[in-house]
Colleague: 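Take a look at this one; I'll ask things after.
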Amino acid sequence: MKKAGKKPSSEFIHNLYNLLYDEFGTVETPLTYSQPHELAIAVILSAQCTDARVNEVTPELFKTFKSLESFANAELTDIEKKIFSTGFYHNKAKNIQGFARMLISKFGGVIPKTMEEAILLPGFGRKTANVVLSELYGISAGFVVDTHVKRLTKKIGLTEATDPVKIEREMMELIPKEYWRNLSLYLIFLGRKNCQARRTECSTCCLSKICPSYSVD
């Protein structure tokens, strides 16, 4: 078992990845979408909201607003009504409309392929940009850090940091680039399955043999 306080070895990282791969296999974003801008909007909605809830909301949302232009030209209150249950709906509606308008006016309706350009879009922080670039273009510009990743990277002993920006920077230095996309998703899935914020199921966790936070409940 890895000792806490030491920088994880490359062997530990590879074992971690392989155990998670064996558990979850080939993974993709759980958010449902059919057009690139729909993925971006779904990720914006996922802030402080579960993917399951977002997937309940987006079918009707995308049925009502069928194009970028319809989002850009909509009344904000009409968008708000459709996304109310995702929380923070005022800001999310503004971001969605701002995203649609800027994507049309500045980028010709095509989501840019660089982090520098993507984060210019309303509602796009590094997390959103990382998810969208990875899923749409296969571009690993960074390491996605959501609440699950933030919690698990510390529990597993990958970092002592608590700030998402610092965590991402450390993960990009520590983890091989080819692992970035999948490992982030693996940690998200593990956080939902075995290592929830309020309850852990260490005895059935695929990482029980290497996790420094393993405990017998």
Side-chain angles (χ1 to χ4, degrees), residues 16-17 20-21 23-63 65-68 70-72 82-83 86 92 95-104 106-153 164-165 167-169 171-172 175-193:
L16 171 71
Y17 186 89
L20 289 167
Y21 175 82
E23 179 75 9
F24 297 109
T26 302
V27 286
E28 59 184 20
T29 177
L31 295 170
T32 56
Y33 67 98
S34 60
Q35 301 181 68
H37 74 268
E38 292 180 354
L39 171 62
I41 290 170
V43 179
I44 291 171
L45 290 174
S46 71
Q48 300 186 56
C49 180
T50 65
D51 291 343
R53 171 64 67 181
V54 173
N55 286 338
E56 291 176 2
V57 167
T58 50
E60 182 63 27
L61 179 68
F62 297 148
K63 182 179 178 181
F65 304 103
K66 301 184 188 312
S67 65
L68 269 174
S70 62
F71 279 107
K82 297 296 183 181
I83 67 172
T86 67
K92 288 181 181 180
N95 283 335
I96 288 169
Q97 186 163 79
F99 157 78
R101 289 177 174 176
M102 182 180 284
L103 194 61
I104 292 169
K106 188 175 180 65
F107 299 107
V110 179
I111 294 175
K113 294 185 177 181
T114 68
M115 175 65 70
E116 293 73 20
E117 290 179 309
I119 60 175
L120 297 175
L121 293 162
F124 269 56
R126 285 191 60 90
K127 173 197 162 187
T128 301
N130 276 326
V131 172
V132 172
L133 291 175
S134 175
E135 294 300 322
L136 292 184
Y137 303 126
I139 296 172
S140 293
F143 195 90
V144 175
V145 179
D146 77 340
T147 55
H148 294 293
V149 174
K150 177 182 175 181
R151 185 175 72 255
L152 266 65
T153 49
V165 174
I167 293 171
E168 182 187 10
R169 183 166 60 248
M171 294 306 97
M172 291 171 68
I175 296 166
K177 188 172 184 178
E178 62 268 25
Y179 287 178
W180 289 357
R181 176 190 178 274
N182 286 354
L183 185 55
S184 176
L185 282 170
Y186 288 152
L187 293 177
I188 291 170
F189 293 154
L190 187 68
R192 293 172 180 167
K193 181 180 180 182

Colleague: Would you compute the distance between atom CG of L121 and atom NE2 of H37 and round it to the nearest 0.5 angstrom?
Modeller: 13.0 Å
Colleague: Test of understanding: with side-chain contact (heavy atoms from CB on, under 4.5 Å), list the residues that count as partners of P30, not counting sequence neighbours.
Modeller: D51, F189, R192
Colleague: Sequence neighbours excluded, which residues qualify as side-chain contact (heavy atoms from CB on, under 4.5 Å) partners of E23?
Modeller: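 Checked E23 against side-chain contact (heavy atoms from CB on, under 4.5 Å); matches are K193, C206.
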Colleague: Under 3.5 Å, is there a donor-acceptor pair between the side chain of S184 and the main chain of V144?
Modeller: yes
Colleague: Kindly write out the residues that satisfy salt bridge (charged side-chain N to carboxylate O under 4.0 Å, His left out) with R53, not counting sequence neighbours, or none if the list is empty.
Modeller: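 Partners of R53 by the salt bridge (charged side-chain N to carboxylate O under 4.0 Å, His left out) criterion, ordered by chain and then number, come out as E56.
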Colleague: Could you work out, with side-chain contact (heavy atoms from CB on, under 4.5 Å) as the rule, every residue matching K63, not counting sequence neighbours?
Modeller: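 Partners of K63 under the side-chain contact (heavy atoms from CB on, under 4.5 Å) test: E60, K66.
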Colleague: For E117, enumerate each residue passing the salt bridge (charged side-chain N to carboxylate O under 4.0 Å, His left out) test, keeping only those at least two apart in sequence or located in another chain.
Modeller: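 Per chain and number, E117 pairs via salt bridge (charged side-chain N to carboxylate O under 4.0 Å, His left out) with no residue.
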Colleague: Take N55 and T50 through the side chain to side chain contact (heavy atoms under 4.5 Å, CB included) test and state the conclusion after the steps.
Modeller: CA-CA 9 Å; N55 286 338; T50 65; over 6 Å; no
Colleague: For K127, enumerate each residue passing the salt bridge (charged side-chain N to carboxylate O under 4.0 Å, His left out) test, keeping only those at least two apart in sequence or located in another chain.
Modeller: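 Expected list: none.
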Colleague: For Y17, what residues pass the ring-ring contact (aromatic ring centres under 6.0 Å, His included) criterion, not counting sequence neighbours?
Modeller: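 Y179, Y186.
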Colleague: Below 4.5 Å, heavy atoms only, C-beta onward: do F143 and V149 meet side chain to side chain?
Modeller: yes
Colleague: For the pair F24 and V27, evaluate side chain to side chain contact (heavy atoms under 4.5 Å, CB included) and give the outcome as yes or no after the intermediate values.
Modeller: CA-CA 7 Å; F24 297 109; V27 286; 4.0 Å; yes
Colleague: Could you check whether any side-chain N or O of Y137 sits under 3.5 Å from a backbone N or O of I111, counting only pairs where one atom can act as donor and the other as acceptor?
Modeller: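 Such a contact is found between Y137 side chain and I111 backbone.
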Colleague: Tell me, please, which residues at least two apart from S70 pass side-chain contact (heavy atoms from CB on, under 4.5 Å).
Modeller: F65, S67
Colleague: List the atom pairs, donor and acceptor, that lie under 3.5 Å between side-chain atoms in residues 128-135 and the rest of the protein, sequence neighbours left out.
Modeller:
{"from": "N130", "atom 1": "OD1", "to": "G142", "atom 2": "N", "distance (Å)": "3.0"}
{"from": "N130", "atom 1": "ND2", "to": "R126", "atom 2": "O", "distance (Å)": "3.1"}
{"from": "N130", "atom 1": "ND2", "to": "E168", "atom 2": "OE2", "distance (Å)": "3.0"}
{"from": "S134", "atom 1": "OG", "to": "R181", "atom 2": "NE", "distance (Å)": "3.4"}
{"from": "E135", "atom 1": "OE1", "to": "R181", "atom 2": "NH2", "distance (Å)": "3.4"}
{"from": "E135", "atom 1": "OE2", "to": "R181", "atom 2": "NE", "distance (Å)": "3.3"}
{"from": "E135", "atom 1": "OE2", "to": "R181", "atom 2": "NH2", "distance (Å)": "3.1"}

Colleague: According to ring-ring contact (aromatic ring centres under 6.0 Å, His included), does anything in residues 106-131 pair up with another residue at least two apart or in another chain? List the pairs.
Modeller: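 Passing the test, one end in residues 106-131: F99-F124.
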Colleague: Are there more than 12 heavy atoms of other residues, nucleotides or ligands under 6.0 Å from atom OH of Y33?
Modeller: yes
Colleague: List for me each residue that meets salt bridge (charged side-chain N to carboxylate O under 4.0 Å, His left out) alongside K106, sequence neighbours excluded, and say none if there are none.
Modeller: none
Colleague: Are there more than 12 heavy atoms of other residues, nucleotides or ligands under 6.0 Å from atom CD of E28?
Modeller: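 Counting neighbours around CD of E28, 12 or fewer heavy atoms of other residues, nucleotides or ligands fall under 6.0 Å, so no.
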Colleague: With distance as the sole test, does T58 use its side chain to make a donor-acceptor pair with the main-chain N or O of V54 at under 3.5 Å?
Modeller: yes
Colleague: Quick one: salt bridge (charged side-chain N to carboxylate O under 4.0 Å, His left out) pairs with a partner in residues 30-42, sequence neighbours left out?
Modeller: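 For residues 30-42, and leaving out neighbouring residues, there are no salt bridge (charged side-chain N to carboxylate O under 4.0 Å, His left out) pairs at all.
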